[in-house]
Amino acid sequence: MNLTQYTLPHIERLQPYIPGTQPASGLTVARLHQNEHPYPPSPFVLQALQDLGSELIRCYPHSQGGELREALGAHYGVSAEQVLCGNGSSELIQLIYRAFIGLGGKAVIPYPTFALYDNAAAAWQSEVVRVAARPDFTIDTEELAAAACDARAIFLVNPGAPTGLLLSAEQVERLARSTSALVIIDEAYMDFADSDQSVIRLIHELPNLLVLRTFSKAYALAGARVGCVFGGRALIRGLEKIKGVYPLNALSQRLAIAALADQPHMRRGAEEIRQTRASFSLALRAAGWAVLPSQGNFVLCTPPPQAVNAATLAERLEQNGIYVRHFRADRLEDKLRISIGTSEQMEHMLVVTSRLLA
Ligand SMILES: *Cc1c(COP(=O)(O)O)cnc(C)c1O
């Protein structure tokens with residue numbers, strides 16, 4: 001008997017989203033492949049962890065994210081009803097496909113972008129239209145809008161993934177105003193940008209705008225799985241109807257509230273990353289690499305042309321305990337995406353790389 005007969009054909013064909021190699025535990029490695037924060041979360045979070053009592057686990061969590069929603073609303077100047085929290089923004093992306101795009105619905109995404117947008121489309125049997133980035137990897141937002149004439153949604157990551165390139169808030173606003181499609185701006189990396197180009201404040205004006213944020217990157221809480229989405233009341237109500245009954249566990253709600261309360265810690269960490277990003281990019285360029293000017297906590301870069309290819313280099317780095325990301329995908333084959341770790345990790349990475357390329 002063929003066991004796969006039970007799986008729906010479109011799920012059988014689905015390429016699972018793979019977030020990057022999962023290193024065997026126990027090895028000393030530099031994890032520069034998943035854009036995690038290299039420094040610990042706020043001491044407020046560590047305190048909250050210690051204070052987690054058994055009562056918190058005995059009871060159901062607030063089904064809407066309760067206090068966290070209030071705290072996010074207060075922090076970003078929106079009402080609690082204009083934000084929804086979930087088990088990481090990855091899960092919110094699935095909700096968005098389910099609520100707003102659906103079977104046969106069309107979503108426009110740039111190419112390249114975050115692979116989960118493709119994966120989620122396949123899961124919900126939605127159609128994806130890819131708009132190629134320009135040769136320099138910048139995104140033509142007018143082309144996105146044009147491709148969306150009969151689409152239900154446009155997804156855009158800003159600063160971009162996996163490029164790190166930043167669009168201005170004005171460009172994003174123009175895009176959202178020029179289309180009747182839903183526009184979803186994924187601002188997972190915005191706190192690392194040199195200038196804040198967030199469009200969260202525009203949800204008050206634009207009924208077709210959703211903005212995604214996560215605690216996984218700048219707040220150093222990737223393991224807690226907390227994401228949120230901002231949007232007008234009507235859009236958030238749509239998502240609420242299909243969310244899991246308890247989309248965010250009580251422990252993670254507490255940790256996220258604590259992380260959000262310590263803005264100075266988050267800003268210091270992001271500033272440290274920006275400085276390391278600048279010095280690391282400079283050192284790579286001096287060694288003959290091409291480096292896209294990133295505004296995220298990672299750089300997309302191309303090893304010098306005479307060197308071993310990017311895939312081989314990634315393998316050899318891995319043998320040395322350094323994990324970076326290589327995408328076997330069109331236009332990315334010759335590149336590596338390297339997360340910005342501690343300055344010590346990046347210096348070590350440069351030393352090992354120059355040895356491997358010698
Ligand atoms: C890391 C990342 C996220 C965050 O995902 P979580 O599920 O919240 O950890 C979202 N979007 C992009 C583009 C990312 O790179």
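Residue numbers run from 1 in the order of the sequence given. None of the values given here were measured: they were computed from a predicted structure. In each ligand, atom 1 is the first atom listed, and ligand 1 is the first ligand listed.
Here salt bridge (charged side-chain N to carboxylate O under 4.0 Å, His left out) pairs that include residues 100-113, with residues two or more places apart or in two chains, are Lys106-Asp150.
Ring centroids of Tyr17 and Tyr117 are separated by 6.0 Å or more, keeping the two rings apart. For Tyr189 and Phe298, the distance between ring centers is under 6.0 angstrom.
Within 4.0 Å of ligand 1, counting heavy atoms only, the contacting residues are Gly88, Ser89, Ser90, Phe114, Val157, Asp186, Ala188, Tyr189, Thr214, Ser216, Lys217, Arg225.
For the residue pair Gln275 and Glu271, a side-chain donor N or O sits within less than 3.5 Å of a side-chain acceptor on the partner.
With sequence neighbours left out, the salt bridge (Lys or Arg N to Asp or Glu O under 4.0 Å) criterion links Arg58 to Glu55.
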Enumerate, atom names and distances included, each donor-acceptor pair closer than 3.5 Å involving a side-chain atom of residues 201-209, sequence neighbours excluded.
residue: His204; atom: NE2; partner: Gly77; partner atom: O; Å: 3.1
residue: Glu205; atom: OE1; partner: Arg177; partner atom: NH2; Å: 2.6
residue: Asn208; atom: ND2; partner: Ala176; partner atom: O; Å: 3.0
residue: Asn208; atom: ND2; partner: Thr179; partner atom: O; Å: 3.2
residue: Asn208; atom: ND2; partner: Ala181; partner atom: O; Å: 3.0

